[in-house]
Each structure stands twice: as C-alpha cells, then as structure tokens.
> 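One structure, pasted below without further comment.
All heavy atoms count here, side chains included; hydrogens, waters and symmetry mates do not. Since we're looking at a predicted model, the values are computed, not measured. Numbering of residues begins at 1 and proceeds along the displayed sequence. Counting starts at 1 for both ligands and their atoms, following the listed order.
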Amino acid sequence: MNEKALSVRNLCAGYHGSEVLQDISFSVNAGDYVGICGPNGSGKSTMIKIILQLLAPTSGEVSVLGTPQASFRDWHRIGYLPQGLQFFNPHFPATVDEVIRLGRLSAKKFPRRFNRDDAWAVDRTMEWMGISHIRGAMIGELSGGLRQRVLLARALVNDPALLVMDEPTTALDPETRESFYKLIFEMNREKQCTVLLVTHDTATIGKYASHLLYLDKKVVFYGSFDDFCNSSEMTGFFGEHGQHLVCHRH
Ligand SMILES: Nc1ncnc2c1ncn2[C@@H]1O[C@H](COP(=O)(O)OP(=O)(O)OP(=O)(O)O)[C@@H](O)[C@H]1O
C-alpha cells in the first residue's frame, strides 16, 4: 500500500503573527502509525489543527488522503479523538449508543436519518471495542477509561482511513492506558487505518508506533522507529538514555 495518507510541504503556521511551525515537510503512507512527540509548546496540537483545517497555514501545502486540503470534503474518512477528558461535561445527556451514533452523522447528507446500516455499524464497532454491555449507560456516568473507549468508538464508527488523536491517554491510569494503546495498535494492524497520535508518553509510543515525528517548531526527526533507534545523530540530540527510552519495544 503506498497511497499517501498525509503530505505536508514547507508548512508555516502560527498565531497573531508569531510563527509556531516553521518550514515543516513530511509525508505519511497509508497504514503507518505515527507518534508525534516534542516538548510543551513545540507545535504538536497546532499541527493537528492544521490537518483538521481548524487553523489555516500561513504558507505551504497540505494534502489529506491524496487530496489537497482546499478541495478535501471526505471528513467522514477521518476519525478524531481530542485531548484529555477534563473538558468533558459529565452531565451530557446521552447514552453510549447515542454518542457513537452521532459519529455516523458526518457521512450523511440532509435529511440526516439513521438507517439499518448505521445500526449495524454502531453494533459492530461496540462489539470491536468490547462495550456492547454498556450501550444504554449514560456517558457521563462511566469511568474515564470506558468513556475514552466510547469516544474512540465514535471516532471509528465510519471505518476512517485516518485516525487523529491528541494526547488521548492523559487522564487514564497506567493499566487502562496500556490497554487503550493495544486497542489502537490492533486497529491499525487489522484495519490498516493510518494513525497519528500526539503524546508525551515517549516510552509507550516507542512500543507501538511504526514512525516518529519529533517536533520542536521544526522537524527534529521524522522516520521509522528503526531509523530513529539506529541514528547516532539522534543519540547526540536526545542523549543515549532518552533515545533508549523511546526505543524500548516489546
Ligand atoms: N489559540 C492560540 N492562540 C495563540 N497562541 C497559541 C494558541 N494555541 C497555541 N498557541 C501557542 O502556540 C505554541 C504551540 O502550542 P501547541 O499547543 O501547538 O503546542 P504543543 O506542542 O501541543 O504543546 P503541549 O505539549 O503543551 O500540548 C505555544 O507557544 C502556544 O502558547
């Protein structure tokens, strides 16, 4: 498979005249699993905003799933799981089933009505995520780990070609976090869904992702984990200890 899931060329972006991303270029093949790392304020979330067209670049070109952004319309082919659970309203009046069904709306034209295919897609996704037994529960009453699983199911219910996640595990305990990572890994392998995952958890991402994008306003490193682990240049940048931490695989 060599279709490009994402292509970024000479991208510059920022806020109110100050540049945050400087001359960024990289491309992601379909089926890759890319961990996006870097220090606080290095532009990781800004990169995600650009990919999702929540922020316009000041210059450069971005193509998503083979289409230049200006003409991209297939939003249902992208699943998005935003940062953290701390902004989640615990009183949101919806059941697990309803939250996941909402994910089907992006693929529909008006009038937006749910049909048998939608019910089938929701059932199948719940089964895959192991959450069928809580389909009638209110989303706000679930534990953080289960709630994040439900929101992941909503992001996956259209079988997206690209799944974008911004620090999805920050509110999870270590055990729940590990099982969440395993789920994403299986999904990437079995469904060939391209994954972009922003995280500070470099020790864990090194176990699962195929590629690493290390940003510090510029691209410090982009390539496969094997290249990263064998790069003496990167030993100089991260120090031997830091590089080994990221390189710790199964
Ligand atoms: N809406 C905004 N308006 C102005 N400046 C912003 C805005 N969002 C982010 N910034 C600034 O852009 C820079 C990059 O922020 P960004 O959130 O992309 O970094 P990050 O790598 O995701 O950081 P973190 O690891 O802390 O989440 C920071 O200096 C931040 O203060």
> Starting from atom 9 (C) of ligand 1, which protein heavy atom do you reach first, and at what distance in Å?
Y15 CE1, 3.4 Å

> Assess the residue pair M47 and L11 against the criterion (side-chain contact (heavy atoms from CB on, under 4.5 Å)); give the C-alpha distance rounded to whole Å, side-chain angles, the decisive distance to 0.1 Å, and a yes or no.
CA-CA 9 Å; M47 190 69 239; L11 174 87; 3.7 Å; yes

> For ligand 1, is there an N or O atom under 3.5 Å from any N or O atom of G38?
no

> Start with the C-alpha gap between R101 and D118, add the side-chain angles, then the distance that decides, and say whether salt bridge (charged side-chain N to carboxylate O under 4.0 Å, His left out) holds.
CA-CA 7 Å; R101 263 198 289 159; D118 299 318; over 6 Å; no

> Protein non-hydrogen atoms only, distance under 4.0 Å: does atom 30 (C) of ligand 1 have such a neighbour?
no

> Under a heavy-atom criterion of less than 4.0 Å, does G14 contact ligand 1?
no

> Identify, for atom 21 (O) of ligand 1, the protein heavy atom at the shortest distance, and state residue, atom and that distance.
K44 NZ, 2.8 Å

> Do me a favour and list the nearest non-hydrogen protein atom to atom 28 (C) of ligand 1 with residue, atom name and distance?
G41 CA, 4.0 Å

> Under 4.0 Å from a heavy atom of V20: give me the atoms of ligand 1 that qualify, with their elements.
12 (O), 13 (C), 14 (C)

> How far is atom 17 (O) of ligand 1 from its nearest protein heavy atom, and which residue and atom is that?
S45 CB, 3.6 Å

> Check whether any side-chain N or O of D32 sits under 3.5 Å from a backbone N or O of V34 as a donor-acceptor pair, and report yes or no.
no

> Given that the side chain starts at C-beta and the backbone is N, CA, C, O, which of these parts of N40 lies under 4.0 Å from ligand 1, counting heavy atoms, or is it both or neither?
both

> For P39, counting its heavy atoms only, list the atoms of ligand 1 lying under 4.0 Å from any of them.
21 (O)

> Pull out every atom of ligand 1 sitting under 4.0 Å from any heavy atom of K49, numbered as shown with elements.
8 (N)

> Quick one: do the Y15 and T46 side chains pair a donor with an acceptor below 3.5 Å?
yes

> Flag yes if Y222 and F225 sit in one hydrophobic cluster, no otherwise; membership is Ile, Leu, Val, Met, Phe, Trp, Tyr, and two members link when side-chain heavy atoms are under 4.5 Å apart.
no

> Specify side chain, backbone, both or neither for H200, according to which of its non-hydrogen atoms lie closer than 4.0 Å to ligand 1.
side chain

> Working to the nearest 0.5 angstrom, can you tell me the gap between I205 CD1 and L212 CG?
8.5 Å

> Closest non-hydrogen protein atom to atom 27 (O) of ligand 1, residue and atom name please, with distance?
E167 OE2, 3.4 Å

> For ligand 1, which part of S18 has a heavy atom less than 4.0 Å away: the side chain, the backbone, both, or neither?
neither

> Got a donor-acceptor contact below 3.5 angstrom from the Q69 side chain to the I50 backbone?
yes

> With side-chain contact (heavy atoms from CB on, under 4.5 Å) as the test, would you mind laying out the steps for T194 and L6 before giving the verdict?
CA-CA 9 Å; T194 308; L6 179 66; over 6 Å; no

> Looking at R135 and D123, is there a salt bridge between them, counting it only when a charged N and a carboxylate O are closer than 4.0 Å?
yes

> How far is atom 15 (O) of ligand 1 from its nearest protein heavy atom, and which residue and atom name does that atom have?
T46 OG1, 3.8 Å

> For K217 and ligand 1, answer yes if some heavy atom of the residue is under 4.0 Å from a ligand atom, otherwise no.
no

> For the side chain to side chain contact (heavy atoms under 4.5 Å, CB included) test, which of V96, L102, I100, T95 pairs with E98?
T95

